[in-house]
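Computed over heavy atoms, backbone and side chain alike; hydrogens, waters and symmetry mates excluded. None of these values were measured; they are calculated from a predicted model. In what follows, residues are counted from 1 in the order of the sequence shown.
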Amino acid sequence: MSRRAAWGAGILLATLGLAIQLFWLQFDTWSRNPHLRVAYTAACVALSCTVPAQRSPQHISVRGLAVRSHPQVAGGLVVEATLVNEASFAQPFPALELRLWNLAGEAVAMRRCEPEEYLPVSRGAGAVMRTMTPVRAALAFRSAPLEAVNVTLEAL
């Protein structure tokens, strides 16, 4: 093998090694890209790793938001809504952020809820939101500020 061919092979191997390192170091970010996900999935089959679940909270719509008095807690509220995954793939249930607002448009209370807090126990751990399948969520506020006049619910 000539010296020139050895250098070429060395440069090719170094470039390939750098590409593999970059591919691995960007695993969490790039594996969520639909175009690169196929390559990551194939690599994980060969390497026995797990590709993180796709998440797109901006594709989860909140519909039918309803607020009522808590049936058992004086001064408390129950907020119910229907969540719909409008993404083209199933995804994990999101955390939800519930905010109460006053007339001046200022947030007067906020609560962040994880899926186990707003889903029925029957769903089980690791459940995913199927595409275009409505899911009922219920959140409770033990004490709502009297000045609260509006509520928003957002998937995170």
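Looking at heavy atoms from C-beta onward, H70 lies out of side-chain contact with L77 at the 4.5 angstrom threshold. Within the 4.5 Å cutoff, the side chain of Y40 has no heavy atoms near those of the C49 side chain. Side chains of V78 and P71 form a contact here, defined as non-hydrogen atoms less than 4.5 Å apart.
No single ILVMFWY cluster, assembled from side-chain heavy atoms under 4.5 Å apart, contains both V79 and W101. Cluster membership check: V151 shares its hydrophobic cluster with V62, using side-chain heavy-atom separations under 4.5 Å among Ile, Leu, Val, Met, Phe, Trp and Tyr. Both L65 and L119 are part of a single hydrophobic cluster, where members link through side-chain heavy atoms under 4.5 Å apart. In the hydrophobic clustering of ILVMFWY residues, with side-chain heavy atoms under 4.5 Å counting as a link, V67 and L83 come out together.
With a 6.0 Å radius and a threshold of 12 heavy atoms from other residues, nucleotides or ligands, R68 has its CZ atom above the threshold.
Summarising the geometry of V84 relative to P134, their closest heavy-atom pair is CG2-CA, 4.1 Å, with the distance given to 0.1 Å. For the residue pair A90 and T131, the shortest heavy atom distance occurs at N-OG1, 3.9 Å. Smallest separation of non-hydrogen atoms from A137 and L96: CB-CD1, 4.3 Å. Residue P94 comes nearest to P115 through the heavy atom pair O-CG, 3.6 Å, listed as atom of the first residue, atom of the second, then distance.
Atoms NE2 and CE, from H59 and M129 in turn, are 12.5 Å apart once rounded to the nearest 0.5 Å. In this structure, CD on E97 lies 11.5 Å from CG on L139, to the nearest 0.5 angstrom. Between the OG atom in S61 and the CE atom in M132 there is a gap of 7.0 Å [rounded to 0.5 Å]. One distance of note links CD of E106 with CG of L100; it measures 13.5 Å at 0.5 Å rounding. Within the model, atoms OG1 of T152 and CZ of R99 stand 7.0 Å from one another, a figure rounded to the nearest 0.5 Å. In this structure, CD on Q58 lies 11.5 Å from CG on L156, to the nearest 0.5 angstrom.
No donor-acceptor pair under 3.5 Å is formed between the side chain of N85 and the backbone N or O of I60. Side-chain atoms of R130 do not come within 3.5 Å of backbone N or O of F89 as any donor-acceptor pair. Looking at T41, its side chain never comes within 3.5 Å of a backbone N or O of A39 through a donor-acceptor pair. Formation of a donor-acceptor pair under 3.5 Å by the Q54 side chain with backbone atoms of Q91 is not found in this model.
Salt bridge annotation for R111-E117: present, with a cationic side-chain nitrogen under 4.0 angstrom from a carboxylate oxygen. The pair E80-R136 counts as a salt bridge, with a side-chain nitrogen and a carboxylate oxygen less than 4.0 angstrom apart. The pair E86-R63 counts as a salt bridge, with a side-chain nitrogen and a carboxylate oxygen less than 4.0 angstrom apart.
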Steps toward side-chain contact (heavy atoms from CB on, under 4.5 Å) verdict (V51, R37): CA-CA 8 Å; V51 179; R37 190 168 182 82; 3.2 Å; yes

